[in-house]
Amino acid sequence: MEINEVKQRLIKAADEIIANKDYLTDLDRSIGDADHGNNMAKGFNFTKEALEDDFDDYKTLFNKVATILLSKVGGASGPLYGSFFMKFAASLKDIDDFNRDQLNKAFKAGVDGVKQRGKAEVGDKTMVDVLEPVSNALNEDKSFDEIIQIAEESMNKTKDIKANKGRASYVGERSIGHIDPGAASSYIIIKEALGGIDD
């Protein structure tokens, strides 16, 4: 995939996060601080501006996204998404052909970064509940349409989980019945970033 196409897909993801600001805020209002939508929209507005620049390589591009999200997204989401894109970028060193194999490896590195930073596993009701199944599906060579479906199903499953990590863990049993906001924003990014790619 050419670097300009990657940029356009990141911009699409940013646009969709911004468009879903109120939805993400409503999700977070039920089990958190009600700031996930505003924080993510703010960070991805800055990301869109940064993506207007030209980038010589994929590592620099994703490092830029990581840096913006780390510095501009408040709450826990900034460090977590920043860690994802930082590790994603690191795996693309000296890569000039961003193919499916490189995507698989980079995505897994990103998920490992999130898990290391947030100390979360699948079943804790966090973004990891979406990111890890998607990483597994990528490495199982599933189609992008299947992967997006897995991401959506994984997001919806967080509704039935009691939160063990993050702000939502403070409300205990009351977190059951609500989709995790981080899982929702992860799904939105994955859907926009991977949707419509020819397998």
Side-chain angles (χ1 to χ4, degrees), residues 10 12-47 65 68-70 72-85 88 107-108 110-138 142 144-195:
L10 289 169
K12 267 184 68 181
D15 283 335
E16 197 66 9
I17 287 289
I18 294 162
N20 280 276
K21 179 179 77 170
D22 291 342
Y23 166 65
L24 294 172
T25 295
D26 286 343
L27 290 180
D28 200 30
R29 185 175 290 114
S30 300
I31 57 175
D33 292 341
D35 62 356
H36 188 63
N38 286 329
N39 286 341
M40 291 292 287
K42 177 186 173 186
F44 277 91
N45 263 312
F46 281 109
T47 300
V65 174
I68 296 288
L69 296 180
L70 277 168
K72 300 298 185 183
V73 178
S77 301
L80 291 170
Y81 275 111
S83 294
F84 176 87
F85 283 105
F88 192 106
F107 200 96
K108 184 180 186 308
V111 176
D112 289 344
V114 171
K115 291 172 70 176
Q116 185 178 13
R117 186 74 179 246
K119 305 291 187 277
E121 299 289 341
V122 169
D124 284 334
K125 197 183 183 93
T126 71
M127 60 200 294
V128 173
D129 285 289
V130 169
L131 295 178
E132 188 155 283
V134 166
S135 180
N136 292 339
L138 281 166
K142 294 188 182 295
F144 289 119
D145 285 344
E146 287 178 295
I147 289 165
I148 291 167
Q149 185 177 350
I150 286 166
E152 184 175 17
E153 290 169 355
S154 298
M155 173 191 71
N156 287 326
K157 282 179 186 173
T158 65
K159 196 171 186 177
D160 302 321
I161 300 172
K162 176 186 170 184
N164 295 320
K165 294 286 181 183
R167 188 79 181 181
S169 65
Y170 299 173
V171 301
E173 297 288 339
R174 288 197 295 113
S175 65
I176 298 172
H178 302 281
I179 289 172
D180 178 70
S185 57
S186 295
Y187 163 66
I188 289 167
I189 293 167
I190 289 161
K191 174 170 66 78
E192 296 304 316
L194 300 184

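These numbers come from the heavy atoms of this one structure, side chains and all, not from hydrogens, waters or symmetry mates.
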query = At what distance, to the nearest 0.5 angstrom, does CZ of Arg117 lie from OH of Tyr81?
reply = 14.5 Å
key: Whether Asn20 side chain and Glu16 backbone form a donor-acceptor pair below 3.5 Å   = yes
key: His178 versus Lys125, closest heavy-atom pair with distance   = O-NZ, 2.6 Å
query = What is the minimum heavy-atom distance between Ser175 and Ile31, and which atoms define it?
reply = CA-CG2, 3.7 Å
message = Can a donor-acceptor pair be found, under 3.5 Å and without considering hydrogens, that links the side chain of Asp180 to the backbone of Thr158?
response = no
Shortest non-hydrogen contact from Val130 toward Ile190 = CG1-CD1, 3.8 Å
query = When you look at NZ of Lys108, are more than 12 heavy atoms from neighbouring residues, nucleotides or ligands closer to it than 6.0 Å?
reply = no
Per-pair distances, 0.1 Å, donor-acceptor, side chain in residues 21-29, under 3.5 Å, sequence neighbours excluded:
unit_1: Thr25; atom_1: OG1; unit_2: Lys21; atom_2: O; d: 2.9
unit_1: Asp26; atom_1: OD1; unit_2: Arg29; atom_2: NH1; d: 2.5
unit_1: Asp28; atom_1: OD2; unit_2: Ala34; atom_2: N; d: 3.1
unit_1: Asp28; atom_1: OD2; unit_2: Asp35; atom_2: N; d: 3.0
unit_1: Asp28; atom_1: OD2; unit_2: His36; atom_2: N; d: 3.1

query = When you look at Met40 and Ser77, which way does the side-chain contact (heavy atoms from CB on, under 4.5 Å) test go after all the steps?
reply = CA-CA 8 Å; Met40 291 292 287; Ser77 301; 4.0 Å; yes
query = How far apart are the closest heavy atoms of Ala120 and Lys165, and which atoms are they?
reply = CB-CG, 4.1 Å
ask   = With the threshold set at 4.0 Å, does a side-chain nitrogen-carboxylate oxygen contact exist between Lys191 and Glu152?
value = no
key: Minimal non-hydrogen separation, Ile150 against Lys142, with atom names   = CD1-CD, 3.6 Å
task = Spell out, as yes or no, whether a donor-acceptor pair under 3.5 Å connects the side chain of Ser135 to the backbone of Leu131.
result = no
ask   = Does the side-chain contact (heavy atoms from CB on, under 4.5 Å) test come out yes or no for Asp160 and Ile176, once each step is laid out?
value = CA-CA 5 Å; Asp160 302 321; Ile176 298 172; 5.5 Å; no
request  = Heavy atoms only: give me the nearest Asp124-Lys119 pair and the separation to one decimal.
outcome  = OD2-O, 4.4 Å
